[in-house]
Enquirer: 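My structure is below; once you've seen it, I'll send some questions.
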Amino acid sequence: MTRTELIEVEPTRPGGALPEEALLELVVMGPDGIIQVALPPTGTLMVGRSRVSDVQLADDQASRRHASLQLGAVITVEDLGSRNGTWVRGARLAPGAPAPLAPGESIAIGAHTLVLRGATSPQRRVGDESYLRARLDEECARARRQEAPFALLAVRFLDGKIAKGLEILSALLRPSDTLVKLELRDTACALLPGPRPGEAAAILDRTVQQLKERGLRFRPALVCHPTDGNDAAALLERLERAVSVEPRRAEPAGERTQSVQAPEMQAIHAALVRIAPGSISVLILGETGVGKDVLAEQIHRMSPRASGPFLRLNCGALTESLLESELFGHERGAFTGAWQSKPGLLESAQGGTVFLDEIGELPLHLQVKLLQVLETREVLRVGGVRPRAIDVRFLSATNRDLHEEVRRGRFRQDLLFRLEGFAVRVPPLRQRTEEILPLAHTFVAFAARELGRPAPEISPEAERELLALPWPGNIRQLRNTIERAVLLCGGRIEPSHLGRPHDAESRHPATPDPDDEEHRRILAALEQCAGNQTRAAKQLGVARSTLVLRLERYGIARPRR
């Protein structure tokens, strides 16, 4: 539990007075919790490990008399010749040289962070993006020194109610959190020092619940250091992508979006919160397009492995030989085109999580090899003679009935037992009707932003049509339907813009899909070139960048070096 206390501090040396509204406090964050120190208008504050310090830090990295804080019209901090240094704005202070400190800035001492902030203002200060970048630089520097986690929570308000959203977030956040308004339209962001990814996910869940109860429409996102980036630029880029319209085919917006309103989905998420901290294998079942990969990524981010890699492989997207090389890696000369050794997915995920999507498509002889890996936690590369130890967690997903596949001899029962340490079945969208309209409105905003036009409203008649459709393709089909409707409509989506899921197929039953042919050609080229993307692109007669885009479009895992 986080401990929060308010301590009144007497100054050791009085000075001139400041106006009452200028009173400040020092928020001290450490391994044991949070302490709020109410500061006097003037004086000197001693910080250190000694019991006589005004702010005592139970920290072996702090010196007995570590630093002092001079309060007055100008606030300064001075290192008193400490052993491990005092850090401000990502730089170590020279001993005996006072440095100015402004409200909102922080001091890093050992495993503790001390943040100077206003104490008497009823409204939390909302900074701008430049202020956030400065704070992020400080947190990244502190994380490198102390391996201290932190997270960024962003909320984009789709109905433009950013002022109301900031008010709600301000009340929800902890004293140590920083709240800013991003340059991205109607987007608020909070810097959350201290929580690990699982704890940060819990903060996200509470925030989402509160905003829903207030009737706001929004898109939330959470990124964690170092899982999603090691510097301010990478973290902000990942965050802004997450709350913006991002119609990448490798991660379709529909599959990256969850609307947890149906009771069945709430029960699933509650179960995942309980099992995420363990190492048990999880099998996620459900129809195509229900969001199985989103749940897998959430399990990883709530687990102790969140700082490690999360690597996904679609077992149905590669030819058999490429799939074996991608999973287990290969040694140099193992087959034609293997010019150098390459670690496989299982080795590359060391310390993290492997997500095997469409596990039901895995060929039988590879099932044998995967079972051996699960039992021994060792990987033998193709053409190799020495197994390599691995430490990974296995998540898998399929739209097949694996018990029926076992009965038909197409899937190994012993492998199924290993994979379904915990099994969760995601209901289809037609059984989660509470989530159809929230998802539809989200996809409207995505598509409108991509087209650079205002988001059209969905008429009541169109909403009734959306609720009545069976959605055999689930969230993915809903996303495609909404994207087409936004293209076709003016300022309002009507039922005529939605079409019917089977219309195109009934009009052109014998027309071959050109995408299927291109998909096959790409797989064949990759196999002939042993996964080398540059040579495969040359063989296909396209630029390498074009090939990379095609790999993302078809969800084909990019071979690693």
Side-chain angles (χ1 to χ4, degrees), residues 158 205 208-209 212 217-220 245-272 282-299 314 316 355 357-358 360 395-401 423-448 455-487 493-495 497-505 555:
L158 305 178
D205 290 341
V208 167
Q209 186 63 33
K212 282 182 178 178
R217 290 179 50 235
F218 58 93
R219 185 179 188 194
V245 179
E246 190 184 14
R248 297 187 333 173
R249 293 303 176 185
E251 294 186 352
E255 294 184 287
R256 299 258 71 81
T257 303
Q258 285 284 325
S259 177
V260 188
Q261 298 188 22
E264 301 93 331
M265 293 303 295
Q266 292 174 352
I268 287 173
H269 278 262
L272 295 186
V282 181
L283 176 62
I284 306 173
L285 306 168
E287 297 178 4
T288 298
V290 294
K292 300 186 290 293
D293 56 340
V294 178
L295 294 182
E297 190 167 351
Q298 288 179 350
I299 294 171
N314 189 323
F355 174 47
D357 200 5
E358 303 300 342
L395 308 177
S396 52
T398 183
N399 59 2
R400 293 191 178 190
D401 182 345
V424 56
R425 182 172 295 278
V426 185
L429 187 59
R430 60 185 173 275
Q431 296 176 12
R432 297 150 51 188
T433 53
E434 305 94 329
E435 301 177 356
I436 291 176
L437 294 184
L439 286 169
H441 285 286
T442 301
F443 297 145
V444 166
F446 294 166
E457 64 174 314
I458 304 177
S459 72
E461 296 79 12
E463 288 187 339
R464 286 195 292 272
E465 180 80 0
L466 290 172
L467 292 172
L469 289 171
W471 302 116
N474 295 291
I475 298 175
R476 184 179 302 152
Q477 183 188 13
L478 174 62
R479 185 204 71 235
N480 290 337
T481 299
I482 294 297
E483 286 180 352
R484 182 177 65 246
V486 172
L487 280 170
I493 295 177
E494 300 291 350
H497 300 128
L498 299 176
R500 285 285 180 175
H502 59 275
D503 281 353
E505 294 177 7

Enquirer: Would you check if R219 and F446 make a side-chain contact, meaning some heavy-atom pair closer than 4.5 Å?
Expert: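 The answer is yes, as the side chains (C-beta and beyond) meet within the 4.5 Å cut-off.
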Enquirer: Nearest 0.5 Å, please: how far is CD in E297 from CG in L395?
Expert: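 One finds 11.0 Å between CG of L395 and CD of E297.
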Enquirer: At their closest point, which heavy atom of V486 faces which heavy atom of P456, and how far apart are they?
Expert: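 Heavy-atom minimum between the residues: CG2-CG, 4.3 Å.
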Enquirer: Under the criterion salt bridge (Lys or Arg N to Asp or Glu O under 4.0 Å), which of R432, R430, K292 is the partner of E287?
Expert: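 Exactly one pass, corresponding to R430.
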Enquirer: Any chance the side chains of E463 and H441 put a donor and an acceptor closer than 3.5 Å?
Expert: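 Side-chain D/A pair, E463 to H441: present.
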Enquirer: Tell me, do M265 and E434 make a side-chain contact under 4.5 Å, heavy atoms counted?
Expert: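 With C-beta onward as the side chain, the pair stays apart.
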Enquirer: Considering residues at least two apart in sequence or located in another chain, which fulfil the side chain to side chain contact (heavy atoms under 4.5 Å, CB included) criterion with E264?
Expert: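 Only A262, P427 meet the side chain to side chain contact (heavy atoms under 4.5 Å, CB included) criterion with E264.
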Enquirer: Counting distance only, does the side-chain N/O of W471 pair as donor-acceptor with the main-chain N or O of P428 below 3.5 Å?
Expert: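 Here the side-chain-to-backbone pair does not exist.
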Enquirer: Once you round to the nearest 0.5 Å, how far does CG of L285 lie from CG of N399?
Expert: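 It comes to 9.5 Å.
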Enquirer: Of all heavy-atom pairs between F355 and S396, which one has the smallest distance, and what is that distance?
Expert: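 For F355 and S396, the tightest heavy-atom pair comes out as CE1-C, 3.9 Å.
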Enquirer: For I493, does its backbone N or O pair with a side-chain atom of S459 as donor and acceptor, under 3.5 Å?
Expert: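 Side chain of S459 to backbone of I493, a donor-acceptor pair under 3.5 Å: yes, one is there.
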Enquirer: What residues form a side chain to side chain contact (heavy atoms under 4.5 Å, CB included) with L272, not counting sequence neighbours?
Expert: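 L272 satisfies side chain to side chain contact (heavy atoms under 4.5 Å, CB included) with I268, I275, L295, I299, M302 once adjacent residues are dropped.
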Enquirer: Between H497 and E494 (side chain of the first, backbone of the second, donor and acceptor by atom type, cut-off under 3.5 Å), is there such a pair?
Expert: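 Yes.
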Enquirer: Judged by atom type as modelled, is there a donor-acceptor pair below 3.5 Å linking the side chain of N474 to the main-chain atoms of T288?
Expert: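 Between the backbone of T288 and the side chain of N474 there is a qualifying donor-acceptor contact (under 3.5 Å).
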Enquirer: Can you tell me how far the CZ atom of R425 sits from the CG atom of L283, to the nearest 0.5 Å?
Expert: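 Output value for this atom pair is 9.0 Å.
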Enquirer: Rounded to the nearest 0.5 Å, what separation is found between the CG atom of L469 and the CG atom of L498?
Expert: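 The CG atom of L469 sits 7.0 Å away from the CG atom of L498.
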Enquirer: Could you state the interatomic distance from CZ (R479) to CG (L439), rounded to the nearest 0.5 Å?
Expert: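 Answer for the CZ-CG pair, R479 versus L439, is 11.5 Å.
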Enquirer: Between E358 and R400, is the side chain to side chain contact (heavy atoms under 4.5 Å, CB included) condition met? List the steps.
Expert: CA-CA 8 Å; E358 303 300 342; R400 293 191 178 190; 5.9 Å; no
Enquirer: I475 versus V290: any side-chain heavy-atom pair under 4.5 Å?
Expert: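 In short, these two side chains do not touch, never coming nearer than 4.5 Å.
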Enquirer: For V444 and A455, which heavy atoms make the closest approach, and how far apart are they?
Expert: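 Taking V444 first and A455 second, the nearest heavy atoms are CG1-CB, 4.0 Å.
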Enquirer: Which atoms form the tightest heavy-atom contact between A440 and L478, and what is the distance?
Expert: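 Heavy atoms of A440 and L478 come nearest at N-CD2, 4.2 Å.
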Enquirer: First locate atom CZ of R464, then atom CG of L466, and finally report the distance between them rounded to the nearest 0.5 Å.
Expert: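 One finds 11.0 Å between CZ of R464 and CG of L466.
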